[in-house]
Structures are given as structure tokens and as C-alpha cells.
J.: 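Here it is, the structure, as C-alpha cells.
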Amino acid sequence: MQNIGIVLGGGKSSRMQRDKLTLSWDNTTLWQHAEAKLHKANMEKVYISTPKQVTLPPSANVLYDVTKNAGPIGAVQAVCAKYQTQEELNITVLPVDMPYIETNFLLSLKKKLDLVTDGNAVSVENFYFPCILHMNSQSKKKITSFIGKPWHSFLQALSVHYLPLTKQEEEKFLNINHLADYIFLYKGKVHDKINP
């Protein structure tokens, strides 16, 4: 069974007013930063998911949404369409705007999924991302019926299991929605504290 990673590319970025994918981060960009973490978490292939045209290097595996404005479900739908001949698939979803999530945490999601016998998804208590989905023939059939619906309702349909977070882990679940967030987290003291 293949393990596929998705970097969620930030949708319309209406609050940021610019493309999050290409924001600078630790001598690279946010999309490369997220992609590297997924590769380190043993993903065989990592896709940069986006609903819009973006200009990224040829090395980036850009995957455009099948259904426009479908949010994260559109990204999952696009991966499942690409791998439609595979009966089963694990998909790890990491938003580009959550740069402090660690590789070890992504690995813990997979470890938990391997232990689950009564569900096809593992996510995080009080957060929707990152998460890992086990897509089989039954779960793939559910995708289209959840287009336009909240992400958490799709997770519930997959009988999601939630991982609890320690206070130290929760500090790393900061995300970048606005330019002010980016300046505060990356350019300010928070970055040095969280990412020494």
C-alpha cells in the first residue's frame, strides 16, 4: 500500500492576500518546508495541492483540485482520482501554513492508524490537521457526497480517531492565516522559541 503526502496549498489565501506556498521559511519556502517533512515521514510521493494556477519549480508535484473550491476534500479527491486503480491508499494531509508540525508527529499519526481496527482516519484533538486517511473502495465512494461540506464531517464519516496533544505539542499547532501571523511567528521571537 502506498503512502501519499498532500501539502494543502492554502486555497484562495484571501486573508493572507498573497500565495502562502511561496512565502520564505528557513532558507526555503513554506511548500518546500512542508514537502520535506512529509518525505521524512516516509511518504513515497508528495503532492502540492492547490485549486489555482501557481508557478512553482518543475520539481514540485503540483496537483490541481478536481472540483473547484472544494477545500481539503478536493485535494483528497484529486489524489484518489490519480490512484484510482489502487484499492487502498494512505494519505497524510499537512497544511502549508502549519510549519511547526514535526516529522515525528506525522509518523505518530501513521503508527496510530496502523493500530486502529474500527476507523479509517486519525486526526488531532481540537484540530483538524494534520491527519492521515486510509482510503479504500468504501471511503473513496464517500468523497463526492462531502464536497461542499465541512471537513470534520468527512472525518466523522471515516470513523476518525483523535490523538490527544500534550501542552508542548499544542504549541506547535500555530498556523499562518494573515500576513501579521507570518511576521509575528517567523520574524519575531516566537520562531526562535518554538523552533530553536
J.: Might you point out which heavy atoms bring Y47 and K82 nearest each other, and give the distance in Å?
T.: OH-CE, 3.2 Å
J.: Is V93 reachable from L113 through a run of hydrophobic residues whose side-chain heavy atoms are each under 4.5 Å from the next?
T.: yes
J.: First locate atom CG of L133, then atom OG of S139, and finally report the distance between them rounded to the nearest 0.5 Å.
T.: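 So the gap between those two atoms works out to 8.0 Å.
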J.: Using 0.5 Å steps for rounding, measure from the CG atom of L30 to the CD atom of E35.
T.: 12.5 Å
J.: If you draw a 6.0 Å radius around CD in Q138, do more than 12 non-hydrogen atoms from other residues or ligands fall strictly inside?
T.: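 No, CD of Q138 has 12 or fewer neighbouring heavy atoms, counting only those of other groups under 6.0 Å.
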J.: To the nearest 0.5 Å, how far apart are CG in D181 and NZ in K20?
T.: 8.5 Å
J.: Just wondering, do K110 and N90 contact through their side chains at under 4.5 Å, heavy atoms?
T.: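 With C-beta onward as the side chain, the pair touches.
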J.: Show your working on salt bridge (charged side-chain N to carboxylate O under 4.0 Å, His left out) between E102 and K172 and close with a plain yes or no.
T.: CA-CA 8 Å; E102 295 180 338; K172 298 184 183 289; 3.2 Å; yes
J.: Between L165 and V124, is there a side-chain heavy-atom distance shorter than 4.5 Å?
T.: yes
J.: Answer yes if the side chains of Q156 and S153 hold a donor-acceptor pair under 3.5 Å, and no otherwise.
T.: no
J.: Can a donor-acceptor pair be found, under 3.5 Å and without considering hydrogens, that links the side chain of Q86 to the backbone of Y83?
T.: no
J.: Tell me, do S123 and F129 make a side-chain contact under 4.5 Å, heavy atoms counted?
T.: no
J.: Under 3.5 Å, is there a donor-acceptor pair linking the side chains of T144 and Q77?
T.: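 Per modelled atom types, T144 and Q77 side chains form no pair under 3.5 Å.
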J.: Just how far is it from atom CD of E44 to atom CG of L89, taken to the nearest 0.5 Å?
T.: 9.0 Å
J.: Please say whether more than 12 non-hydrogen atoms of neighbouring residues, nucleotides or ligands are located less than 6.0 Å from CD in E88.
T.: yes
J.: Going only through I, L, V, M, F, W and Y residues with side-chain contacts under 4.5 Å, is there a path from L107 to V7?
T.: no
J.: Just checking, any donor-acceptor pair under 3.5 angstrom between side chains of N3 and T92?
T.: no
J.: If you apply the rule side chain to side chain contact (heavy atoms under 4.5 Å, CB included), what do you find for V76 with S49, and how did you get there?
T.: CA-CA 9 Å; V76 174; S49 170; over 6 Å; no
J.: Could you check if a side-chain atom of I48 sits within less than 4.5 angstrom of a side-chain atom of L63, using non-hydrogen atoms only?
T.: no
J.: For the residue pair F127 and F173, categorise the inter-ring angle as parallel (less than 30°), tilted (30 to 60°) or perpendicular (more than 60°).
T.: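 F127 and F173: tilted rings.
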J.: Kindly indicate, with the supporting measurements, whether the criterion side chain to side chain contact (heavy atoms under 4.5 Å, CB included) is fulfilled by V62 and T50.
T.: CA-CA 7 Å; V62 178; T50 177; 3.8 Å; yes
J.: Please check if the distance between the ring centroids of W151 and F146 is under 6.0 Å.
T.: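 Ring centres of F146 and W151 not closer than 6.0 Å.
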J.: Taking all heavy atoms of G71 and all of D65, pick out the closest pair and write down the distance.
T.: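 Nearest heavy atoms, G71 then D65: O-OD2, 4.1 Å.
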J.: Working to the nearest 0.5 Å, report the span between CG of N61 and CG of L56.
T.: 10.5 Å
J.: Please determine whether the number of non-hydrogen atoms from other residues, nucleotides or ligands lying under 6.0 Å from atom NZ of K111 exceeds 12.
T.: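 No, NZ of K111 has 12 or fewer neighbouring heavy atoms, counting only those of other groups under 6.0 Å.
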J.: Can you measure from CE (M1) to CE (M135) and round to the nearest 0.5 angstrom?
T.: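 It is 12.0 Å, given to the nearest 0.5 Å.
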J.: Check whether any side-chain heavy atom of Y162 lies under 4.5 Å from a side-chain heavy atom of K112, and answer yes or no.
T.: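 SC-SC contact between Y162 and K112 ruled out.
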J.: By side-chain contact (heavy atoms from CB on, under 4.5 Å), which residues pair with D118, not counting sequence neighbours?
T.: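 D118 satisfies side-chain contact (heavy atoms from CB on, under 4.5 Å) with V116, H161 only.
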J.: I want to check something: taking the side chain as every heavy atom from C-beta on, are S145 and F154 in contact at a cut-off of under 4.5 Å?
T.: no
J.: For a quick test of reading the model, state the closest non-hydrogen atom pair linking I147 to A70 and the distance between them.
T.: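 For I147 and A70, the tightest heavy-atom pair comes out as CD1-CB, 4.0 Å.
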J.: So which atom in P99 and which in H33 form the shortest heavy-atom distance, rounded to 0.1 Å?
T.: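 Closest heavy-atom pair between P99 and H33: O-NE2, 2.9 Å.
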J.: Heavy atoms, side chains only, cut-off 4.5 Å: are L21 and T29 in contact?
T.: no
J.: Treating Ile, Leu, Val, Met, Phe, Trp and Tyr as nodes and any side-chain heavy-atom pair under 4.5 angstrom as an edge, say whether V66 and I6 lie in one connected cluster.
T.: no
J.: Give the minimum heavy-atom separation between S108 and L163, together with the two atoms involved.
T.: OG-CD1, 4.0 Å
J.: Do the rings of Y182 and W25 sit parallel, tilted or perpendicular, given the 30° and 60° boundaries?
T.: tilted
J.: How close do L94 and M98 get, counting heavy atoms only, and between which atoms?
T.: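 Where L94 meets M98 most closely, the heavy atoms are CD1-O, 4.4 Å.
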